[in-house]
2 protein chains.
Amino acid sequence: MRIGELSKRTGLSRDTIRFYERRGLIASEPEPGQTNRYRSYPEETVLTLELIGEAQDAGMTLADLTVFIAQLGADDSVDGEAFLDARIAEVEARIARSKRFLKTLRATRAALGRAAR
Amino acid sequence: MRIGELSKRTGLSRDTIRFYERRGLIASEPEPGQTNRYRSYPEETVLTLELIGEAQDAGMTLADLTVFIAQLGADDSVDGEAFLDARIAEVEARIARSKRFLKTLRATRAALGRAAR
DNA sequence: CAAAACCGTTGACTCTACTCCATGGTTTTG
DNA sequence: CAAAACCATGGAGTAGAGTCAACGGTTTTG
């Protein structure tokens, strides 16, 4: 699929998609048998981009994601376990802290609801 | 308490603390009866800074936090409920997406564990 | 077939959230 | 009391993650 469709399907701008490709997070091939220089992305790129979004929400950087995505493809990895263990611990901690903050947000909301009437 | 102690107790750099103060997230007073220009922070600033950390992990920006912290003190607020409801929804969504990513991380870790032996 | 809609590259620019001087004053300590 | 440790201000610089503009090809469409 071309970049315009991918953009529509993911909600990301074309520029963002090209930016991710320069960073090595996704890859395209030239359209087969075409002389234009248009990128063509495989269907699964939609899923990869959704994964990137989730990972960013979980606090991962694009640099981390470059490593992680490389590991998704590779069947073996020397330091992969250590890397993944570290990322898992980080994300777990971030979720826990986010939940604490959510409680504060809800408590504030409740207090405000009472004060308002 | 002076900035050095606050820095030690929160793990934040002095520069970061001063940066937050410029942004209006925390406040200091001059040390009472002193002629120096040293800041003096109340005890609760430690908690505020911890809150800021959690909020950032939850994906809030400092701009959002400025509004939120103002609301913590004010007993009434016109648009407060709408603001808080929006923030709560955002944070909930971000946590949900983070959890989805965490699953992917764990699955990858498991696959790698099996492939390694 | 021409206008509209797409696509590509390059390079500069923005925004957020810090971080790092340089310079100079104040406290603490051995 | 001098050196070390601490504090302040102002301004410049950095990193991460995009975003935008300019210019020029390619496809699609009425």
Side-chain angles (χ1 to χ4, degrees), chain A residues 1-42 45 48-69 87 90 94 97 101, chain B residues 1-42 45 48-69 87 90 94 97 101:
Chain A
M1 116 191 53
R2 310 227 266 230
I3 199 169
E5 191 189 339
L6 189 55
S7 170
K8 246 165 227 154
R9 287 178 56 185
T10 60
L12 298 173
S13 77
R14 288 149 207 256
D15 275 339
T16 298
I17 292 168
R18 284 189 283 247
F19 175 69
Y20 287 167
E21 186 167 359
R22 277 204 301 288
R23 295 288 310 259
L25 296 170
I26 56 175
S28 65
E29 292 178 356
E31 290 192 321
Q34 292 284 106
T35 81
N36 65 28
R37 308 180 49 61
Y38 291 5
R39 294 168 166 85
S40 183
Y41 297 95
T45 307
T48 305
L49 291 176
E50 172 62 16
L51 179 71
I52 292 173
E54 289 171 2
Q56 287 190 319
D57 275 0
M60 303 256 309
T61 66
L62 296 186
D64 283 340
L65 271 164
T66 304
V67 177
F68 176 61
I69 286 177
R87 273 350 99 202
E90 275 174 18
R94 224 173 264 113
R97 281 161 64 75
F101 179 64
Chain B
M1 122 190 46
R2 309 227 267 233
I3 199 169
E5 191 190 338
L6 189 55
S7 169
K8 247 165 225 153
R9 287 177 57 186
T10 60
L12 298 173
S13 77
R14 290 151 206 256
D15 275 337
T16 298
I17 292 168
R18 284 189 283 248
F19 175 70
Y20 287 167
E21 186 167 358
R22 275 204 303 288
R23 295 289 309 259
L25 296 170
I26 55 176
S28 65
E29 291 178 357
E31 289 192 322
Q34 292 282 108
T35 82
N36 65 28
R37 310 180 47 62
Y38 291 5
R39 293 168 165 87
S40 183
Y41 297 95
T45 307
T48 305
L49 291 176
E50 172 61 17
L51 179 71
I52 292 172
E54 288 171 3
Q56 290 195 117
D57 276 359
M60 304 254 309
T61 65
L62 295 187
D64 283 341
L65 271 164
T66 304
V67 178
F68 176 62
I69 287 177
R87 273 351 98 202
E90 274 175 19
R94 227 175 260 115
R97 281 161 64 75
F101 179 64

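Below, read A as the first sequence line, B as the second, and so on, with proteins coming before strands; counting in each chain starts at 1. Side chains included, hydrogens not; waters and symmetry mates left out as well; all remaining heavy atoms used.
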*Reckon R39(B) has a side-chain N or O less than 4.0 Å from the OP1 or OP2 of dA8(D)?*
yes

*Should dT28(D) form a Watson-Crick or G-U wobble pair with both distances under 3.5 Å, which nucleotide is its partner?*
dA3(C)

*According to a strict under-4.0 Å criterion, is R22(A) in side-chain N/O contact with OP1 or OP2 of dG8(C)?*
no

*When rounded to the nearest 0.5 angstrom, what distance separates OG1 in T16(A) from CZ in R23(A)?*
12.5 Å

*asked:* Between C1' on dA15(D) and CD on Q56(A), what's the gap in Å once rounded to a whole number?
replied: 15 Å

_Strictly below 4.0 Å: does Y20(B) bring a side-chain N or O up to OP1 or OP2 of dA17(C)?_
no

*Does one side chain, of T45(A) or T48(A), offer a donor that lies under 3.5 Å from an acceptor on the other?*
no

*Taking atom C1' of dC13(C) as reference, at what distance in whole Å does atom CZ of F19(A) sit?*
14 Å

*Expressed in angstrom and rounded to an integer, what is the separation of L65(A) atom CG from dA17(D) atom P?*
9 Å

*asked:* The side chain of T16(A) is closest to which nucleotide in this list: dA17(C), dG8(C), dG18(D)?
replied: dG18(D)

*Distance-only donor-acceptor test (3.5 Å): side chain Y38(A), base dG25(D)*: yes

*T10(A) versus E50(A), side-chain donor and acceptor atoms under 3.5 Å*: no

*Roughly how many Å is it from CZ in R37(A) to C1' in dC23(D), rounded to a whole number?*
15 Å

*Distance check: side-chain N/O of N36(A) vs OP1/OP2 of dG8(C), anything under 4.0 Å?*
no

_Checking Y41(B) against E21(B): is there a side-chain donor and acceptor pair closer than 3.5 Å?_
yes

*Nearest whole angstrom, please: distance from the C1' of dC18(C) to the CG of L49(B).*
14 Å

*Please tell me which of E31(A) and R23(A) maps to the more 5' nucleotide of DNA chain D, matching each residue to the nucleotide holding its nearest heavy atom.*
R23(A)

*Quick one: label T35(A) by what it contacts on the DNA or RNA (base, sugar-phosphate, nothing), any heavy atom closer than 4.0 Å.*
nothing

*Who does dT9(C) pair with, Watson-Crick or G-U, both distances under 3.5 Å?*
dA22(D)

*asked:* Let me spell it out: for each of E5(B) and D15(B), pick the nucleotide of DNA chain D with the closest heavy atom. Which residue's pick is nearer the 5' end?
replied: E5(B)

_L62(B) side chain, from C-beta outward: closest of dA17(C), dA17(D), dT19(D)_ = dA17(C)

*asked:* Counting the atoms with a prime plus P, OP1 and OP2 as sugar-phosphate, which does R2(A) contact under 4.0 Å by heavy atoms, base, sugar-phosphate, or nothing?
replied: sugar-phosphate

*Please determine which of K8(A), R2(A), R9(A) meets the salt bridge (charged side-chain N to carboxylate O under 4.0 Å, His left out) test together with E5(A).*
R9(A)

*How many Å lie between CG on D57(B) and C1' on dT16(C), as a whole number?*
16 Å

_Student check: side-chain heavy atoms of S7(B) and L12(B) closer than 4.5 Å_ = no

*Using atom CD1 of I17(B) as one end and atom P of dT9(D) as the other, report the distance to the nearest whole Å.*
14 Å

_Without decimals, in angstroms, what is the distance between Y41(A) OH and dC6(C) P?_
16 Å

*Touch class at under 4.0 angstrom, heavy-atom based, for R18(B) against every strand present*: base

